[in-house]
Colleague: 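One structure, as structure tokens, below. Some questions next.
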Amino acid sequence: MSHENRGHGPHKVGHVKEVTSLANPIIKDIKALTNKKSREESGTFMAEGLKLVIDAIELGWTIRTLVYAKAAKGKPLVEQMAAKTVASGGLVLEVSEKVISSVTRRDNPQMVVGIFESRWKPLKDIRPKDGETWIALDRVRDPGNLGTIIRTADAAGASGVILVGETTDPFSLETVRATMGSVFAVPVAKTTPEEFISWKKSAGVSVVATHLAGSVDYRTIDYKKKPVVLLMGNEQSGLPDQLAKEADALARIPQQGRADSLNLAVASGVMLFEARRHLLSLSEGK
């Protein structure tokens, strides 16, 4: 039991609710979080796996419900997370494997699931400083792409992700899985194209957009003079003219071979690591 929770009254025994029925209303509410509408209405989302739950709690995210399979009962880290959940006013459920499989829609489910409050970064609060890199995604549709980009932004040391227009939900189960926990470390904002353009004009940033009409090799761009926002287009149609014309530089990634395009997540990774190349080092502490 974690010592931080002392003084908050009894923890596990009186607060763990045992659930074996798929018809339980709490389980029905949790299963509903696979739908975007339910996530938006409740302001919550699901994260699978003990590591993700630990990461989220350590990073200060609010846990509403901790669900664990009977097989995980008694494991010290699970008990610590249960105690922290109770201490913060959350609910702890001990469930059968049948229930946790149903919740996660997996035959071989993780033994621990956390329900967390969603968190968005308001665009107006983003004022990038020197050395910061943000990535803006126009109408990204694929949850795997978005999750991979959030994870890559985290790895490259980017400051956050800005979602422009109608995009896939960063808090969907598929996206959260693909982030491998980085969704808890990387701030995410959402905005309209018009708001993004207005924000860009006052934010003091250099917007570098990838575009098929871009004539500049992405490696020749100066990423040091101002904070950078990398602007990436939709998987199918690329970047619309409305956004492309607001960019300070239009970039292309040189290619050779039969493939005529890169996957969005791969292209985003290439751009992120190039934009931050002067800031990344293998020396200790970095």
Colleague: Would K124 pass as a cation-pi partner of W199, given that its NZ or CZ must be under 6.0 Å from the six-membered ring centre and within 45 degrees of the axis?
Modeller: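 The answer is no, since K124 fails at least one limit relative to W199.
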Colleague: Answer yes when R277 and E274 have at least one side-chain N-carboxylate O distance shorter than 4.0 Å, and no when they do not.
Modeller: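 Counted as a salt bridge, because a side-chain N and a carboxylate O are separated by less than 4.0 Å.
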Colleague: Flag yes if more than 12 heavy atoms outside K224 fall under 6.0 Å of its NZ atom; otherwise flag no.
Modeller: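 It does not: K224 NZ has 12 such atoms or fewer within range.
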Colleague: Angle class for the F116/F45 ring planes (parallel below 30°, perpendicular above 60°, tilted otherwise)?
Modeller: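 Ring orientation, 0 to 90° scale: tilted.
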Colleague: Report the distance from atom CD of E132 to atom CZ of R276, rounding to the nearest 0.5 Å.
Modeller: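 Reported value, rounded in 0.5 Å steps: 8.5 Å.
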Colleague: Are any non-hydrogen side-chain atoms of F184 and I57 less than 4.5 angstrom apart?
Modeller: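 No, too far: nothing below the 4.5 Å cut-off.
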Colleague: Quick check: closest heavy atoms across T104 and L173, and the distance to 0.1 Å?
Modeller: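 In terms of heavy atoms, the two residues are closest at O-CD2, 3.9 Å.
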Colleague: When you look at CE of M111, are more than 12 heavy atoms from neighbouring residues, nucleotides or ligands closer to it than 6.0 Å?
Modeller: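 Enclosed.
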Colleague: In the single-linkage hydrophobic clustering (I, L, V, M, F, W, Y; side-chain heavy atoms under 4.5 Å), do L239 and V270 co-cluster?
Modeller: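 They do not share one cluster, since no chain of ILVMFWY contacts under 4.5 Å joins L239 to V270.
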Colleague: So does L262 have more than 12 non-hydrogen atoms from other groups sitting under 6.0 Å from CG?
Modeller: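 Yes, CG of L262 has more than 12 neighbouring heavy atoms, counting only those of other groups under 6.0 Å.
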Colleague: Look only at the side chain of T175 and the backbone of F171, and say whether a donor-acceptor pair between them is shorter than 3.5 Å.
Modeller: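 Between the backbone of F171 and the side chain of T175 there is no qualifying donor-acceptor contact (under 3.5 Å).
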Colleague: How long is the straight-line distance from CG of L243 back to CG of D138, given to the nearest 0.5 Å?
Modeller: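 Taking CG in D138 and CG in L243, the distance rounds to 5.5 Å.
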Colleague: For the pair L163 and L146, evaluate side chain to side chain contact (heavy atoms under 4.5 Å, CB included) and give the outcome as yes or no after the intermediate values.
Modeller: CA-CA 10 Å; L163 302 178; L146 178 54; 3.8 Å; yes
Colleague: Between Q110 and G49, what is the shortest heavy-atom contact and its length?
Modeller: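 Taking Q110 first and G49 second, the nearest heavy atoms are OE1-CA, 3.6 Å.
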Colleague: Any side-chain heavy atom of V266 sitting closer than 4.5 Å to one from S268?
Modeller: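 No, their side chains stay 4.5 Å or more apart.
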Colleague: Examine distances only and state if a side-chain atom of S42 and a backbone atom of S38 form a donor-acceptor pair shorter than 3.5 Å.
Modeller: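 A pair under 3.5 Å: yes.
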Colleague: Please determine whether a side-chain nitrogen of the Lys or Arg among E41 and K37 lies less than 4.0 Å from a carboxylate oxygen of the Asp or Glu.
Modeller: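 Here E41 pairs with K37 in a salt bridge, since their nearest N and O are under 4.0 Å apart.
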Colleague: What's the shortest heavy-atom distance between I30 and M46, and which atoms?
Modeller: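 Reported closest heavy-atom pair: O-CE, 3.5 Å.
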Colleague: Are any non-hydrogen side-chain atoms of T210 and L231 less than 4.5 angstrom apart?
Modeller: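 The answer is no, as the side chains (C-beta and beyond) never meet within the 4.5 Å cut-off.
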Colleague: Would a 4.5 Å heavy-atom cut-off, applied to side chains only, mark D130 and P227 as touching?
Modeller: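 Yes, side chains in contact.
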Colleague: Would you name the heavy atoms of A178 and P143 that are closest together and state the gap between them?
Modeller: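 Closest approach of A178 to P143, heavy atoms only: CB-O, 4.3 Å.
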Colleague: I'd like to know if the side chain of S198 and the backbone of E194 have a donor-acceptor N/O pair within less than 3.5 Å.
Modeller: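 Flag not set: sc S198 to bb E194 has no pair under 3.5 Å.
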Colleague: Picking from V95, V99, I100, T20, what satisfies side-chain contact (heavy atoms from CB on, under 4.5 Å) with K70?
Modeller: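 Output: one option passes, namely T20.
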Colleague: Return the minimal non-hydrogen interatomic distance between G160 and V186, and the atom names on each side.
Modeller: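 Shortest heavy-atom separation between G160 and V186 comes out as CA-CG1, 3.7 Å.
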Colleague: I'd like to check L91 versus T85 (side-chain heavy atoms, cut-off strictly below 4.5 Å). Are they in contact?
Modeller: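 The answer is no, as the side chains (C-beta and beyond) never meet within the 4.5 Å cut-off.
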Colleague: Answer yes if V205 and I135 sit in the same cluster of Ile, Leu, Val, Met, Phe, Trp and Tyr residues linked by side chain heavy atoms under 4.5 Å apart, and no otherwise.
Modeller: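 In one cluster: no.
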Colleague: Does T152 reach the main-chain N or O of T148 with its side chain, forming a donor-acceptor pair under 3.5 Å?
Modeller: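 Flag set: sc T152 to bb T148 pair under 3.5 Å.
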Colleague: Working to the nearest 0.5 angstrom, can you tell me the gap between D154 CG and L272 CG?
Modeller: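 Between D154 CG and L272 CG, I get 11.0 Å after rounding to 0.5 Å.
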Colleague: Using modelled atom types and a 3.5 Å cut-off, is there a donor and acceptor pairing between side-chain atoms of D248 and backbone atoms of V207?
Modeller: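 Pair found, side chain donor or acceptor close to backbone of V207.
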Colleague: Do V161 and V208 sit in one hydrophobic cluster, given that two such residues count as connected whenever their side-chain heavy atoms are within less than 4.5 Å of each other, even indirectly?
Modeller: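 Shared cluster, yes.
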Colleague: Is there a donor-acceptor pair closer than 3.5 Å between any side-chain N or O of E94 and the backbone N or O of V16?
Modeller: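 Looks like no, no N/O pair under 3.5 Å.
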Colleague: Is the shortest heavy-atom distance from the side chain of L264 to the side chain of M232 under 4.5 Å?
Modeller: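 Yes, their side chains come closer than 4.5 Å.
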Colleague: Could you state the interatomic distance from CD1 (I149) to CZ (R151), rounded to the nearest 0.5 Å?
Modeller: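 Result: 13.0 Å between the selected atoms.
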Colleague: Say whether R105 and T34, considering side chains only, have a donor N or O and an acceptor N or O under 3.5 Å apart.
Modeller: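 Their side chains do contain a donor-acceptor pair, which is all the 3.5 Å distance test asks for.
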Colleague: Quick one: do D217 and R219 make a salt bridge, cutoff under 4.0 Å?
Modeller: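 Salt bridge between D217 and R219, a charged N being under 4.0 Å from a carboxylate O: yes.
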Colleague: Got a donor-acceptor contact below 3.5 angstrom from the T179 side chain to the G147 backbone?
Modeller: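 No; judged by distance alone, with no hydrogens or angles, the pair does not exist.
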Colleague: Tell me if a side-chain donor or acceptor on N234 pairs with a main-chain N or O of R139 at a distance below 3.5 Å.
Modeller: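 Yes, the answer is positive, given that a donor and an acceptor are paired below the 3.5 Å cut-off.
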Colleague: Looking at D125, I'd like to know if its CG atom is crowded, meaning that more than 12 non-hydrogen atoms belonging to other residues, nucleotides or ligands lie closer than 6.0 Å.
Modeller: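 Yes, CG of D125 has more than 12 neighbouring heavy atoms, counting only those of other groups under 6.0 Å.
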Colleague: Taking atom CG of N24 and atom CD of E18, what is their separation to the nearest 0.5 Å?
Modeller: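 Taking CG in N24 and CD in E18, the distance rounds to 11.5 Å.
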Colleague: Any chain of hydrophobic side-chain contacts (each under 4.5 Å) joining I63 to L50?
Modeller: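 Linked, I63 and L50 end up in one cluster.
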Colleague: Please walk me through it: do M81 and V112 pass side chain to side chain contact (heavy atoms under 4.5 Å, CB included)?
Modeller: CA-CA 10 Å; M81 293 309 110; V112 179; over 6 Å; no
Colleague: Does any part of the side chain of L137, heavy atoms only, come nearer than 4.5 Å to the side chain of I162, both counted from C-beta?
Modeller: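 Answer no - side chains too far apart.
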Colleague: Does this structure show an ion pair linking D55 with K51, if we count only N-O contacts that are shorter than 4.0 Å?
Modeller: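 A salt bridge is present here (some side-chain N lies under 4.0 Å from a carboxylate O).
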Colleague: If hydrophobic clusters are built by linking Ile, Leu, Val, Met, Phe, Trp and Tyr wherever their side-chain heavy atoms come under 4.5 Å apart, do L250 and V228 end up in the same one?
Modeller: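 No; tracing contacts between hydrophobic side chains, which count when under 4.5 Å, never links both residues.
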Colleague: Keeping the roles fixed (side chain from T192, backbone from E195), state whether a donor-acceptor pair exists under 3.5 Å.
Modeller: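 Confirmed, T192 side chain pairs with E195 backbone.
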Colleague: Would you say that R39 contacts D169 through its side chain, given a criterion of any heavy-atom pair below 4.5 Å between the two side chains?
Modeller: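 Heavy-atom side-chain distance check passes, below 4.5 Å.
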Colleague: What distance separates K28 NZ from S102 OG, expressed to the nearest 0.5 Å?
Modeller: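 It is 11.0 Å, given to the nearest 0.5 Å.
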Colleague: For the residue pair I150 and P170, what are the closest heavy atoms and their distance?
Modeller: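 Looking at all heavy atoms of both residues, the shortest contact is CD1-CB, 4.3 Å.
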Colleague: Evaluate the criterion side chain to side chain contact (heavy atoms under 4.5 Å, CB included) for residue pair K73 and Y68; output intermediate values, then yes/no.
Modeller: CA-CA 7 Å; K73 186 177 183 177; Y68 66 81; 4.0 Å; yes
Colleague: Would S202 and R127 count as a side chain to side chain contact (heavy atoms under 4.5 Å, CB included) if you check the C-alpha gap in whole Å, the side-chain angles of each, and the deciding distance to 0.1 Å?
Modeller: CA-CA 9 Å; S202 63; R127 285 290 175 261; 3.8 Å; yes
Colleague: Do the side chain of E117 and the main chain of W61 share a donor and acceptor less than 3.5 angstrom apart?
Modeller: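 Between the backbone of W61 and the side chain of E117 there is no qualifying donor-acceptor contact (under 3.5 Å).
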